[in-house]
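Everything on this sheet refers to the single structure shown next.
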Amino acid sequence: MATENPRVAAYPPPRIYERLVKFKQQQGYKSDSAAIVAILSAYFFGSTPSESVSESLAIETRLLNLEGK
């Protein structure tokens with residue numbers, strides 16, 4: 001499916017990718033892209049495009065980011 005949105009590529013370490021896969025399954029996202037958009041939305045704006053992601057996701061995402069630093 002074509003989109004007007006910019007493309008972002010990343011090569012996460014296995015530990016982070018495993019967590020992304022788990023998040024994707026828990027939240028019902030079918031693609032890595034949809035899950036990553038939800039995570040970034042929660043991180044940057046404290047909200048997501050889907051109401052299925054809880055507030056704790058935003059905190060957990062921020063903690064994972066801090067661990068990466």
Side-chain angles (χ1 to χ4, degrees):
M1 178 185 289
T3 180
E4 298 289 323
N5 297 335
R7 183 175 184 275
V8 175
Y11 298 94
R15 180 178 143 219
I16 300 297
Y17 187 72
E18 289 168 7
R19 183 59 186 102
L20 175 66
V21 170
K22 183 178 177 182
F23 170 79
K24 196 169 69 169
Q25 292 169 344
Q26 289 172 337
Q27 300 301 322
Y29 290 108
K30 294 182 180 182
S31 70
D32 289 352
S33 182
I36 291 167
V37 167
I39 291 166
L40 290 173
S41 293
Y43 179 80
F44 288 123
F45 306 112
S47 64
T48 63
S50 168
E51 290 183 17
S52 65
V53 181
S54 68
E55 280 185 41
S56 64
L57 167 65
I59 294 168
E60 184 173 354
T61 302
R62 289 180 179 127
L63 289 173
L64 284 172
N65 185 30
L66 289 171
E67 285 179 2
K69 292 180 180 179

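Computed from a prediction, not measured in an experiment: that's the story for all the values here.
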Gap separating the CG atom of Asp32 from the CG atom of Leu20, nearest 0.5 angstrom: 5.0 Å

Nearest-0.5 Å distance, CD of residue Glu18 to CD1 of residue Ile16: 9.5 Å

Nearest non-hydrogen partners of Gln26 and Arg19, listed with the distance: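 Closest approach of Gln26 to Arg19: OE1-NH1, 3.8 Å.
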
For Tyr29 against Ala34, the heavy-atom pair lying closest together: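 Smallest interatomic distance, heavy atoms only, reads CD2-CB, 3.7 Å.
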
Cluster check Val37, Val8: I/L/V/M/F/W/Y, side chain < 4.5 angstrom: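 The answer is no; the residues belong to distinct hydrophobic clusters.
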
